[in-house]
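Below is one structure; the comments refer to it alone.
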2 protein chains.
Amino acid sequence: MELNNRKVNILKAIIHSYIEEGEAVGSRTLSKKYDLGVSSATIRNEMSDLEELGYLIKPHTSAGRVPSDKAYRLYVDNILIDKNKSKYYKQIKKILQEDINEMEMFLRNSSRILAQLTKYTSLIIAPQFKKSKLKHVQLVPVSGRKVLIVMIMQNNIVKNVLLNLKTPIPENQLNKISNLLNEKLTGLRLDMIDLSMKNRIKKEIYSIRNQYDQKIDELMKVLISSLNEYDKIDVYSDGLNNMLNFPEYNDTEKIREFLSFVEDKDNIVKLLLKNTGEDLDITIGHENIFDEISKCSLITATYKFNGITVGKLGVIGPTRMDYKTAIPIVKALSNNINEIIEKNFKDQIKE
Amino acid sequence: MELNNRKVNILKAIIHSYIEEGEAVGSRTLSKKYDLGVSSATIRNEMSDLEELGYLIKPHTSAGRVPSDKAYRLYVDNILIDKNKSKYYKQIKKILQEDINEMEMFLRNSSRILAQLTKYTSLIIAPQFKKSKLKHVQLVPVSGRKVLIVMIMQNNIVKNVLLNLKTPIPENQLNKISNLLNEKLTGLRLDMIDLSMKNRIKKEIYSIRNQYDQKIDELMKVLISSLNEYDKIDVYSDGLNNMLNFPEYNDTEKIREFLSFVEDKDNIVKLLLKNTGEDLDITIGHENIFDEISKCSLITATYKFNGITVGKLGVIGPTRMDYKTAIPIVKALSNNINEIIEKNFKDQIKE
DNA sequence: TATTAGCACTCTTTATTGATGAGTGCTAAG
DNA sequence: CTTAGCACTCATCAATAAAGAGTGCTAATA
């Protein structure tokens, strides 16, 4: 059996109707609502075929039919043409045009906007450090025994760690150590700093201090470990309550399942980092790696800095989500973020 | 009519029963469950009195009775004796004993622990800047046109702002400006930096640069404005899905109301900053300033640095929350946080 | 041969009814 | 003052019935 033109049209109509109403679609409803040029009986036959082909599912004997994950996949890949991207692009650009000094605030805003525009739950993860190079390290004296380590990454994300030394280090030595660390570490990707390099650097620092010093071990340990932190990726999310608008979440148990899934930031990180390949990625229903969201779809996009993917953003909603508006919105936001990052956080120096 | 001993005992039994079961309590159930030494008929009469006095509410004619906000208030203020504080204190101390270099991570952890222990929704707001003094400013050169402003507050919270200059400032001048800013601004409370001071400082910076310079205006503007930010208080929350365990949230509409309230960080900030006076504060039901949570109670505590309140933490749950365990947990966590902040973020220098 | 009208049948949804049971308030007796 | 007894109220739950939407098959039609 073949997926002819008429079948595709009927399937498309069913998908549109189901996305809109959230209720199983019957042949008669369909023939009244959409001008398909054939009677309900014919539609009935075609629907029966579509079910056999795996594109439709019957919730029960007399309830009409519902699109399967396979149907949404076909729809997203082959039927859907996304328009309005430039419309959303301009709209988002206008809203985002505020202060963008602080990465954190900027992403929080983006997350809110994404949720508001799509009416789904937005997810954003902040730049990954491991893939980013270190640009500048500075040890700032805070007071006698305290040193603030300021790390500036290639993408101008700043990371601070406050270090509690057991005995003070004089400021001039601190500066020398700063310079040394800069010399040795800048330009390196964080996951490339290995043990032998650490030891080499430690040795050199000892020569500055003219003696072995336990505090240096301490400092190096904190520096390296905080650079290597993988699980500390920041997660921003907004619009959780948007999910409650959908009849599929009329049930407290369903809400709990979704909520506890999204509240666990580890899940979000794993989910968003799953597919790193494409700029735009859509996973539908059971394609998702987590069972808890096997009735959800996820649209994600990357954002980049100097061509390197440094973060991801996206929306999660029921599988019957409105792909035709959600996709261009995600794309438009991702483009905007890319541009703003390039413009506002970009370094002058050629890499 | 007077609130005699027997009435108080009956009320206490009703409150305990209702906190435990979540269902309206009847006279017969009560006489079976608790040994009150009188018959159900007597209890019935007393309950009728308690209703007249405003401590009990009848959901409908034949459904038993439910404690009013006034009843919980009496219970919390006069009936409840909190034990187990030291038990929870030790338990939390053990859990928190991890890396506490980063304030953000530390508070996020605390928030998770609070939600897990209480089984309610936890809320924490991070140190308020306005009330904190500036300890150190450092301008770190990132690259030609970019300068990172690192501000270290008295409580060792660090704040970064990346500044995009239109023309570069040489590093030696940057250092001089850093020194000048330190000299002029450290020790001042942020809300005390006024316009005339700003102008004086600007003048001095100009003299370093030997000329009027539009970029200095820019720098000062960013510096001051980012110091004065009030609405950027960080909010941490966890255990949203805990609320779904309560039968009062069996209704999607109720969940939505709660969720959209808590998702809005502005609400949380306003809520927690409402009462600044007491170390421990409990607001019950309609005592809350927001209608959306008029069926919730809130237990908050402060955390301090050098005796100054710098943040708040607490739990929110249904009015029939288990005060007798939630209160000591909040207290115990607040004590722990206080100690950890004192120990790990405390400066050597006497203020 | 493909399409359509007609019809019996299925199954969910919604409303109705009645029984059950927990609870109250009043009265009168202890 | 306390308590037993009793009529009455009202939410909850289960069973039943009616309505409505949809399917699949068959036979007629273009």
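These numbers were taken from a predicted model, which means no experiment stands behind them.
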**Donor-acceptor pair present, B/R65 side chain and C/dG25 base, under 3.5 Å** = no

**Message:** By nearest atom, which of the nucleotides D/dT23, D/dT9, D/dT2 is closest to the B/R6 side chain?
**Reply:** D/dT2

**Asked** Is there a donor and acceptor pair closer than 3.5 Å between the side chain of B/R44 and the base of C/dG25?
**Response** yes

**Fill in**
Taken to the nearest whole Å, CG/A/N250 to C1'/C/dT13 is 14 Å

**Asked** How do B/P59 and B/N45 order along DNA chain D: which one's closest nucleotide is nearer the 5' end?
**Response** B/N45

**Request:** Quick one: sort the A/H16 and A/Y75 rings into parallel, tilted or perpendicular, breaks at 30° and 60°.
**Result:** perpendicular

**Message:** Using the side-chain heavy atoms of A/S39, tell me which of these nucleotides is nearest: C/dC11, C/dA5, C/dG25.
**Reply:** C/dA5

**Message:** B/N245 vs A/R256, test: side chain to side chain donor-acceptor pair (under 3.5 Å). Steps then yes/no.
**Reply:** CA-CA 9 Å; B/N245 293 322; A/R256 183 207 309 280; 2.4 Å; yes

**Message:** Quick check: any donor-acceptor pair below 3.5 Å linking the side-chain of A/T61 to the base of C/dC11?
**Reply:** no

**Asked** Of the nucleotides C/dT24, D/dC10, C/dT4, which has the atom closest to the B/S62 side chain?
**Response** D/dC10

**Item:** side-chain N/O B/T42 vs D/dC1 OP1/OP2, d < 4.0 Å
**Value:** no

**Item:** Among D/dA21, D/dA11, C/dG25, the nucleotide that comes nearest once only the side chain of B/K58 is considered
**Value:** C/dG25

**Message:** I'd like to know whether A/R6 forms a salt bridge (Lys or Arg N to Asp or Glu O under 4.0 Å) with A/E46, so could you lay out the CA-CA distance, the side-chain angles of the two residues, the decisive distance to 0.1 Å, and finally the verdict.
**Reply:** CA-CA 8 Å; A/R6 189 169 71 186; A/E46 294 287 41; 2.7 Å; yes

**Complete:** Picking from D/dG24, C/dA22, C/dC11, the nucleotide nearest the side-chain atoms of B/T29 would be C/dA22

**Request:** Give the rounded distance in Å between these two atoms: CE of B/M47 and P of C/dG23.
**Result:** 9 Å

